[in-house]
Every structure is written in C-alpha cells, then in structure tokens.
Amino acid sequence: QVQLVESGGGLVQPGGSLRLSCAASRSIFGFAAMGWYRQAPGKQRELVASITSGGITNYADSVKGRFTFSRDISKNTIYLQMDSLKPEDTAVYYCNARPYKLNYWGQGTQVIVSS
C-alpha cells in the first residue's frame with residue numbers, strides 16, 4: 001500500500017504562483033508513472049501533467065508554458081510549480097501514482113485563483 005499526501009494549495013490572485021507537493025509513503029517514483037490531475041466543481045477530473053518513470057514530462061495544452069512538473073526521488077516527492085495562474089485553474093488538485101498495474105491517489109489539495 002502506498003499513501004500519497006498533497007500540500008501547497010491555497011488562495012492566490014490571478015497571475016500569481018503556487019507550488020504543490022506530493023509525498024509518497026515509500027519509494028516508488030523510480031518505477032511509477034506519476035500524474036497531477038485536477039477537478040473543478042461540476043467537471044470531470046482531468047490530467048494536467050504527467051511524468052514517466054524515466055523523467056519525461058507532458059502537459060495539457062491549457063497549462064503548457066505555465067506549469068512545471070518535477071520530482072525528487074530521494075525525497076519520494078513530486079512537485080507542480082504553477083505560474084501565471086488563471087481563474088480557470090481553480091480546482092482540487094490530485095496526485096496520482098501508477099506503479100506496475102496499481103493505481104494510487106492522494107486526498108487532494110484546493111487551489112483557488114481569484115481576485
């Protein structure tokens with residue numbers, strides 16, 4: 001069993017920045033694909049960014065150039081740096097890990113972008 005704990009959410013003005021963190025209870029990132037998802041009220045959960053076990057990142061078109069996905073395997077932690085935030089980025093953000101055929105989710109952290 002792997003537990004994922006997100007942190008770093010909060011209230012920020014448009015154009016501001018936040019950095020989300022996701023800490024895993026044990027070392028899995030070296031052999032797991034990781035993803036950041038978000039879900040806004042009344043909408044489906046969507047993939048924001050992903051990283052392969054080899055460190056290759058991909059981003060949704062809506063966040064390209066603004067968000068950066070990184071990882072620190074030694075700390076069992078992944079990060080989502082969010083810059084130039086927009087009101088439409090408001091959502092609960094979730095960390096996801098897929099080691100082998102398994103699937104783990106964090107509890108989510110709220111991001112609100114509002115003036």
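Note: hydrogens, waters and symmetry copies are ignored here, and every other heavy atom, side chains too, is used. Numbers here simply count residues along the sequence, with the first being 1.
Residue F31 places its CZ atom among more than 12 non-hydrogen atoms of other residues, nucleotides or ligands, all under 6.0 Å distant. More than 12 heavy atoms of other shown residues, nucleotides or ligands fall within 6.0 angstrom of atom CD in E88.
Residue pairs that meet the salt bridge (Lys or Arg N to Asp or Glu O under 4.0 Å) test with at least one member in residues 92-109, sequence neighbours left out, do not exist here. Every pair passing salt bridge (Lys or Arg N to Asp or Glu O under 4.0 Å) that includes a residue from residues 25-42 is listed here, sequence neighbours excluded: R38-E46, R38-D89.
In the hydrophobic clustering of ILVMFWY residues, with side-chain heavy atoms under 4.5 Å counting as a link, I56 and M34 come out apart. Side-chain heavy atoms closer than 4.5 Å link hydrophobic residues (I, L, V, M, F, W, Y) into clusters, and following such links, even through other members, never connects Y37 to F69.
Of all the heavy atoms in S21 and T77, the pair that sits closest is CB-CG2, 4.3 Å. For G106 against Y94, the heavy-atom pair with the smallest separation is O-CD2, 3.6 Å. Taking every heavy atom of both residues into account, A49 and L80 meet most closely at CB-CD1, 4.3 Å. When all heavy atoms of A91 and A40 are compared, the closest pair comes out as CB-N, 3.8 Å. For L47 against G35, the heavy-atom pair with the smallest separation is CD1-CA, 4.4 Å. Nearest approach of F67 to V48, heavy atoms of both residues: CD2-CG1, 3.6 Å.
Both cation-pi conditions hold for R19 and Y79: the charged atom is under 6.0 angstrom from the six-membered ring centre and inside a 45 degree cone around its axis.
Under the 3.5 Å distance criterion, the side-chain polar atoms of Q3 are left unmatched by any main-chain donor or acceptor of S25. A donor-acceptor pair is defined here as one N or O able to donate and one able to accept, closer than 3.5 Å; such a pair exists between the side chain of E6 and the backbone of G108. Between the side chain of N96 and the backbone N or O of Y104 there is at least one donor-acceptor pair closer than 3.5 Å. Distance alone, capped at 3.5 Å, is enough to place a donor-acceptor pair between the R71 side chain and the S53 backbone.
Residues satisfying the salt bridge (Lys or Arg N to Asp or Glu O under 4.0 Å) criterion with K64, sequence neighbours excluded, are D61. Partners of V111 according to the side chain to side chain contact (heavy atoms under 4.5 Å, CB included) rule, which considers only residues two or more places apart in sequence or in another chain, are L18, L20, M82, Y93, V113. Judged as a side chain to side chain contact (heavy atoms under 4.5 Å, CB included), and not counting sequence neighbours, the contacts of S114 are L11, I112. In this structure, the side chain to side chain contact (heavy atoms under 4.5 Å, CB included) partners of S17, at least two apart in sequence or on a different chain, are Q81, D83.
I73 CD1 to I78 CD1: the interatomic distance, rounded to the nearest 0.5 Å, is 11.0 Å.
Contact annotation: the side chain of I51 never approaches that of F29 to less than 4.5 Å [non-hydrogen atoms, C-beta and beyond].
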